[in-house]
Protein chains: 2
Amino acid sequence: MSVTAAAGFRAAGVTAGLKPSGRPDVALVVNDGPEHVVAAVFTSNRVEAAPVTWSRQVVTDGRADVVLLNSGGANACTGAQGFLDTHRSAELAAVAVGVSAGDVVVCSTGLIGELLPMDKIESGITAAAGSLSADGGEDAATAIMTTDTVAKECTGFGSGYTIGGMAKGAGMLAPSLATMLVVITTDAVLTAEQADEALRAATAMSFDRIDSDGCQSTNDTVVLMASGASGVSPQMGEFTAILTQVCVDLAEQLIADAEGAAHDITIDVQGAANVDDALEVARSIARNNLFKCAVFGNDPNWGRVLAAVGTTSAAFEPAQLDVAINGVMVCRSGGVGDDRSGVDMSQREVKVEVFLHAGDADATVLTNDLTHDYVHENSAYST
Amino acid sequence: MSVTAAAGFRAAGVTAGLKPSGRPDVALVVNDGPEHVVAAVFTSNRVEAAPVTWSRQVVTDGRADVVLLNSGGANACTGAQGFLDTHRSAELAAVAVGVSAGDVVVCSTGLIGELLPMDKIESGITAAAGSLSADGGEDAATAIMTTDTVAKECTGFGSGYTIGGMAKGAGMLAPSLATMLVVITTDAVLTAEQADEALRAATAMSFDRIDSDGCQSTNDTVVLMASGASGVSPQMGEFTAILTQVCVDLAEQLIADAEGAAHDITIDVQGAANVDDALEVARSIARNNLFKCAVFGNDPNWGRVLAAVGTTSAAFEPAQLDVAINGVMVCRSGGVGDDRSGVDMSQREVKVEVFLHAGDADATVLTNDLTHDYVHENSAYST
């Protein structure tokens, strides 16, 4: 159900012919209200795609009616014409749905550096608007897939309200930086400020803590729309917690479908002086190619973990570091620990625990291994 | 000739049995004077190997007589026993050569997290000391190889003096973070301060500007020894320039022999506001796995270059970025430039030029592509 699980939303996904494969590639998510609250977070990449530049403006007033999404082209590094095309797409969607273009968020994903075929976009928008329905969430989730092998949806239930979301992307592991796009809807009654605050809290604990390959997209967008259709003004602590659960679930689905990955790796840093330290340590491991290759080889190579930790500025003493891999404490006090032949890495899930002994803060980052399939999928596909 | 090209030095390389392959694995480089000046730079990794901890102390007084090197074991993450082993190795070398243990620099390279077999180290030191000769440079360069496919040597000539060097390592692309070790000798007359200043200037422009895979070793060491045997006190501008040439030459040899690499990539950032900006941009590209995979696939994927540049804090306007790959300006003003089908990437050498249009500063970083062989060599080797 995803984005149409909450009351007040319709969605659609259609085939406009943007993808050579002939698979669905244009989606619409419409908020029928009664309220039209929006909040969004975008990529921090300074080279941002035209739809990101556009959508940043759309959400500044806290109101949006529609999210238009396309796969089959990122509309990034496309200059002034690319922005005009995004603007035109928003106008077409606005006319088709009967709203203002300034209330249409636009998201694109696919190859960088190519203009979108606007004739196909136009017919796609018309077709999508004609097939909007209150159970169109799955069609929409399917239409935003690029190299994803499965559609990614999630629904959470609060006290009298619902939160539903869809996502696309294989972390940041996809060809030509194909994008992480996420649309979340709720029928809770929220102010724009409440939506923004809850979304930033939820993404900080979910999408900001997955890191497939350290590569940052030009198009990443996470949008939250609130229709107020439930009539329920939620307790914000509960709402934020459920929203975070939905985001974590979708983030885990992204990592599980990351291109070429053979292992999903949970890096759990404990005993840090503060959360920033814990995150810096976790990310340094998540981005260490040597460690990620070792995991692909089912090798519990804790030396590579320590070498990655050593590059950070986090508070710790090298001689106090402990590392467990899949529950076996292979490194104790910065040196050899328990016999690493006892580590079973045959399963897809791998857990790395690093104990810094510098405080009480923890953080977890999800990543993948570095595999032949990753190299293949990111080098051999047609340009 | 390498480390024995300059007058006043002897060297040796022998087989001590540390490597299962039975190849040479212990080397000595001895400075017979009349002067015994030393300078060194070490890894900035906070998880540093025992020989690094030891050698930092040795060089603090600006004097050293011997560099003892072994392959076949990194002596990293080996705790108090590892440090005792390094100390013991220095004492053995000191006795064998007839100097003080406090003047013996020690370098180790190989697997992390295993103690060295000290009986083999001891017999290796005895054998190496017995075979020291003024033309032993090549033997020494061979004995420090790990996954290197060729020994790496270089000699430079100044006005009445000589600078010679040897290096090992495949950038930082090697299994278990096998190390970049470099020993450079000169018969110029230098003070310890002059040696230190010249070495830091030279390494900043050479070894600090290669980045195979962003992974930082626990053992990296670059040592410069000056014997004064030429009797020539060099003009320091000339000396530093020649030393830098020697270091750049060795750095290029490291990149050219990087494990699994199919392309050597020169990233040349021009028009930066300052050198730090230029380096930040160049490194962000050098560490972008998606771009490195594209190069492996002979794909001039400039969108991935821009996406990497966009993650930096350097001064630039996205709409002003130009990118040339192998001389073809594939990206102009942040958008599509010349036809990328005109880019020939069939050669091993690839040149990426990024024009920031923000100032007059330039910097160049050397890296490699990300290949199946990289994944294979870093995942499939025996642990």
Side-chain angles (χ1 to χ4, degrees), chain A residues 44-48 74 76-79 82 111-115 172 175-177 213-218 287-290 293-297 299-304 306-312 316 318-319 321 331 333-336 340 370-372 374-381 383, chain B residues 44-48 74 76-79 82 111-114 172 175-177 213-218 287-291 293-297 299-304 306-312 316 318-319 321 331 333-336 340 369-372 374-376 378-381 383:
Chain A
S44 59
N45 197 310
R46 291 168 61 199
V47 176
E48 66 179 26
C77 304
T78 45
L111 260 172
I112 289 179
E114 295 188 357
L115 291 169
M172 289 150 281
S176 275
L177 302 164
D213 62 356
C215 296
Q216 189 182 59
S217 159
T218 52
R287 293 181 180 177
N288 187 281
N289 280 351
L290 290 173
C293 284
V295 172
F296 172 54
D299 172 13
N301 196 317
W302 60 268
R304 296 180 182 180
L306 255 65
V309 175
T311 64
T312 71
F316 69 86
L321 294 171
C331 169
S333 304
V336 183
R340 65 185 190 176
L370 178 54
T371 71
H372 287 296
Y374 176 89
V375 173
H376 177 74
E377 295 188 34
N378 287 298
S379 64
Y381 78 99
T383 58
Chain B
S44 59
N45 198 309
R46 291 166 62 198
V47 176
E48 66 179 28
C77 303
T78 44
L111 261 171
I112 290 178
E114 295 188 358
M172 288 150 282
S176 275
L177 303 165
D213 61 356
C215 296
Q216 190 181 60
S217 159
T218 51
R287 294 180 180 177
N288 187 281
N289 280 352
L290 290 172
F291 171 68
C293 284
V295 172
F296 172 54
D299 171 12
N301 196 317
W302 59 268
R304 295 179 183 180
L306 255 64
V309 175
T311 64
T312 72
F316 69 85
L321 295 172
C331 168
S333 304
V336 183
R340 66 185 189 176
D369 52 354
L370 179 52
T371 70
H372 287 297
Y374 176 88
V375 173
H376 176 75
N378 288 297
S379 64
Y381 77 100
T383 59

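Values below: every heavy atom of this structure, side chains too, minus hydrogens, waters and symmetry copies. Throughout, a chain's letter reflects where its sequence line sits, starting with A, and its residues are numbered from 1.
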Peer 1: What option among L115(A), L306(A), V336(A), T78(A) has the most heavy-atom pairs under 4.5 Å with chain B?
Peer 2: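 Max contact count across the listed options: L306(A).
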Peer 1: Relative to chain A, which of C77(B), P318(B), G335(B) shows the most heavy atom pairs under 4.5 Å?
Peer 2: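 Option with the greatest count: C77(B).
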Peer 1: Less than 4.5 Å apart, any side-chain heavy atom of T311(B) and any of R287(B)?
Peer 2: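 SC-SC contact between T311(B) and R287(B) ruled out.
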Peer 1: What verdict does the side-chain contact (heavy atoms from CB on, under 4.5 Å) test give for R340(A) and D299(A), after you've listed the backbone C-alpha separation in whole Å, the side-chain angles of each residue and the deciding distance to 0.1 Å?
Peer 2: CA-CA 9 Å; R340(A) 65 185 190 176; D299(A) 172 13; 4.3 Å; yes
Peer 1: Applying side-chain hydrogen bond (donor to acceptor under 3.5 Å, both in side chains), name anything that partners R46(A), two or more places apart in sequence or on another chain.
Peer 2: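 By the side-chain hydrogen bond (donor to acceptor under 3.5 Å, both in side chains) rule, R46(A) matches no residue at all.
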Peer 1: Side chain from CB out, backbone as N, CA, C, O: work out which of these in L321(A) comes under 4.5 Å of a heavy atom of chain B, or both, or neither.
Peer 2: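 For L321(A), the side chain is the part near chain B, not the backbone.
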Peer 1: Should L370(A) and L370(B) be marked as a side-chain contact (heavy atoms from CB on, under 4.5 Å) after you check the CA-CA gap, both sets of side-chain angles, and the distance that decides it?
Peer 2: CA-CA 10 Å; L370(A) 178 54; L370(B) 179 52; 4.3 Å; yes
Peer 1: Between G310(A), C331(A), G113(A), G297(A), who has the most heavy-atom pairs with chain B when the cutoff is under 4.5 Å?
Peer 2: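 It is G310(A).
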Peer 1: Which atoms of F316(B) are under 4.5 Å from chain A, going by heavy atoms: the side chain, the backbone, both sets, or neither?
Peer 2: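 Contact with chain A: backbone and side chain both.
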Peer 1: Run the side-chain contact (heavy atoms from CB on, under 4.5 Å) test on Y374(B) and L290(A) for me, step by step, so that the C-alpha distance in whole Å, both residues' side-chain angles and the decisive distance to 0.1 Å come before the verdict.
Peer 2: CA-CA 9 Å; Y374(B) 176 88; L290(A) 290 173; 3.4 Å; yes
Peer 1: Tell me, side chain or backbone of T371(B) under 4.5 Å from chain A's heavy atoms, or both, or neither?
Peer 2: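 Only the backbone of T371(B) comes within 4.5 Å of chain A.
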